[in-house]
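Counting starts at 1 for both ligands and their atoms, in listed order.
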Amino acid sequence: MKALAIGAILSLSGAMVGATHLSDSRLSKVYDVMNAISTHSWENGTKSEAILEWTYPTLSVFTSTGNPFPDHPPEPAGEQHLRRGEGGSSLLQDDAAGDPASLGIAVLLANLTTGDAQVNGVGYGEAATQELNYLLYDVPRYPPTSTNGTNGTSNATLNAATTGAISHRAQYAQLWSDSVFMVPPFLAAYGVWSANQTLLQTAYTQCSLYRQYLRTSSGLWMHIVGASTGLDYGLWATGNAWAAYGMLRVWASIYHSPYRGDMGSQMADLASWSGEIVQAAEQYITSDGLFHNYLNDTSTFEDSAGAALMAATGLRLSTLNITNNYVPAALTLLSGVSDKVNSTGYLTQVVNPNSFGAQGTESPKARAS
Ligand SMILES: *[C@@H]1O[C@H](CO)[C@@H](O)[C@H](O)[C@H]1NC(C)=O
Ligand SMILES: *[C@@H]1O[C@H](CO)[C@@H](O)[C@H](O)[C@H]1NC(C)=O
Ligand SMILES: *[C@@H]1O[C@H](CO)[C@@H](O)[C@H](O)[C@H]1NC(C)=O
Ligand SMILES: *[C@@H]1O[C@H](CO)[C@@H](O)[C@H](O)[C@H]1NC(C)=O
Ligand SMILES: *[C@@H]1O[C@H](CO)[C@@H](O)[C@H](O)[C@H]1NC(C)=O
Ligand SMILES: *[C@@H]1O[C@H](CO)[C@@H](O)[C@H](O)[C@H]1NC(C)=O
Ligand SMILES: *[C@@H]1O[C@H](CO)[C@@H](O)[C@H](O)[C@H]1NC(C)=O
Ligand SMILES: *[C@@H]1O[C@H](CO)[C@@H](O)[C@H](O)[C@H]1NC(C)=O
Ligand SMILES: *[C@@H]1O[C@H](CO)[C@@H](O)[C@H](O)[C@H]1NC(C)=O
């Protein structure tokens with residue numbers, strides 16, 4: 001979470017230069033701290049996204065060019081893909097299926113810029129393709145399709161399927177709002193890189209399915225549903241922000257793809273679903289310009305990581321010319337979050353990266369936002 005909050009701040013400053021009252025030197029400290037403290041796969045993935053948005057904006061999906069792969073693929077890339085049953089593999093060993101995918105875009109770019117360099121005997125391109133196939137063909141889907149999996153406890157092999165929402169967990173079918181930031185943006189970027197509209201559609205469908213299963217009537221999303229252990233039906237602030245921002249990244253990938261004309265209704269949905277979360281969250285902004293860790297539960301601490309990423313979402317909705325409706329809320333949140341950045345560049349008062357109910361002292365994720 002710490003890295004998330006950091007990245008959130010940096011992408012905020014990318015979204016609206018000058019909107020934060022943090023000085024450039026303070027922001028570079030924030031950046032350094034993000035680099036120093038990111039450890040988990042999703043933190044490194046979020047960090048990579050923050051670096052793209054802040055340091056190399058022309059490689060980010062949010063710029064006016066928006067397509068970091070302008071001249072690719074050199075030839076249709078579809079044939080090299082594995083089929084179901086041939087097996088993919090995750091970029092990293094992780095109990096989470098979804099988190100390592102957050103590094104996928106950086107790996108695709110590394111492949112492009114290094115000419116498929118090898119690391120430990122595996123080329124970047126192969127690693128990205130393996131990750132794609134792992135997500136598409138090996139990770140359990142929700143709802144589980146195996147009769148053994150009616151309560152969601154079947155393992156990946158039993159559940160391998162090509163319909164349903166791609167689980168955030170590797171061993172059983174479970175959906176986490178976090179996953180919307182980790183997985184669909186990678187599928188979409190791979191689709192743009194390989195000129196494959198099906199993958200952009202899959203990215204959209206995954207957002208749609210996650211919304212179907214996680215959204216409550218309030219418009220806000222629950223955190224974790226599915227297999228029977230460790231569920232969290234609460235309206236986790238950071239999870240809502242992950243989902244809202246992740247859907248905008250998919251929107252932007254489609255917008256900058258050759259398929260924009262074909263996929264207008266999908267883009268309209270993504271824009272509306274992202275805005276819906278920000279709109280529903282607005283009423284929960286505290287007098288400090290933050291959110292409670294669980295949006296509607298004032299007994300939980302006020303978290304700056306989720307607030308940072310939600311602010312970034314509101315500003316991106318504006319800079320993408322979707323709507324200016326959430327700029328005032330975003331600026332309130334930005335101000336609240338900026339107040340929590342201390343002089344060493346740490347975003348303080350953030351959710352603990354290893355325990356989403358607990359407050360931590362620092363969060364790489366927050367800095368990445
Ligand atoms: C994240 O990156 C750091 C170095 O920046 C590295 O030490 C760490 O192992 C990475 N984490 C994972 C899960 O790969
Ligand atoms: C698009 O990607 C999917 C999944 O990897 C693959 O099955 C399909 O063949 C690709 N289509 C084209 C036209 O390359
Ligand atoms: C990786 O780079 C190589 C060399 O440029 C290219 O042939 C290959 O298609 C790329 N693969 C991916 C998945 O980016
Ligand atoms: C269910 O589990 C049993 C015992 O492990 C196995 O033999 C069977 O093939 C499974 N059925 C399905 C549909 O996966
Ligand atoms: C549900 O999962 C539990 C824990 O793995 C298992 O013991 C139980 O048999 C499962 N129940 C059904 C109906 O599949
Ligand atoms: C899936 O579950 C079966 C039966 O419990 C087990 O034999 C198998 O090793 C598991 N496979 C994986 C990939 O976890
Ligand atoms: C917050 O919203 C959730 C989901 O709608 C609901 O179950 C819970 O009771 C609410 N909590 C409070 C404190 O109102
Ligand atoms: C939004 O509008 C501005 C001003 O017209 C333009 O420069 C920018 O490219 C637009 N952004 C997108 C994503 O279309
Ligand atoms: C800023 O916060 C970090 C993390 O809590 C802490 O280690 C550091 O000492 C703080 N800096 C100052 C100047 O208080």
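Neither side chain, His223 nor Asn240, offers a donor N or O lying under 3.5 Å from an acceptor on the other. No side-chain donor-acceptor contact under 3.5 Å links Ser299 and Tyr294. Defined by atom type and a distance below 3.5 Å, a donor-acceptor pair is present between the side-chain atoms of Asn325 and Thr323. Between the side chains of Glu302 and Thr286, at least one donor N or O lies within less than 3.5 Å of an accepting N or O.
In summary, the aromatic rings of Phe62 and Tyr245 are positioned with their centroids under 6.0 Å apart.
When the side-chain contact (heavy atoms from CB on, under 4.5 Å) test is applied to Thr198, the partners found at least two apart in sequence or on another chain are Asn196, Thr202.
Distances below 4.0 Å separate heavy atoms of Leu136 from the following atoms of ligand 2: 4 (C), 5 (O). Contact atoms of ligand 9 toward Ser343: 13 (C) (distance under 4.0 Å to a heavy atom of the residue).
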List below, pair by pair, the N or O atoms of ligand 7 and of the protein that are less than 3.5 Å apart, including the distance to 0.1 Å; reply 'none' if no pair qualifies.
from	atom 1	to	atom 2	distance (Å)
ligand 7	2 (O)	Asn296	ND2	2.2
ligand 7	11 (N)	Asn296	ND2	3.0

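Among the atoms of Asn196, some N or O lies under 3.5 angstrom from an N or O of ligand 2. An N or O contact shorter than 3.5 Å links Thr344 to ligand 9 by distance.
Residue contacts with ligand 2 for Tyr137 involve side-chain atoms from C-beta outward but no N, CA, C or O (heavy atoms, distance under 4.0 Å).
A pairwise comparison of heavy atoms in Ala237 and Phe291 identifies CB-CB, 4.0 Å as the closest pair. For Pro185 against Val250, the heavy-atom pair with the smallest separation is N-CG2, 3.8 Å.
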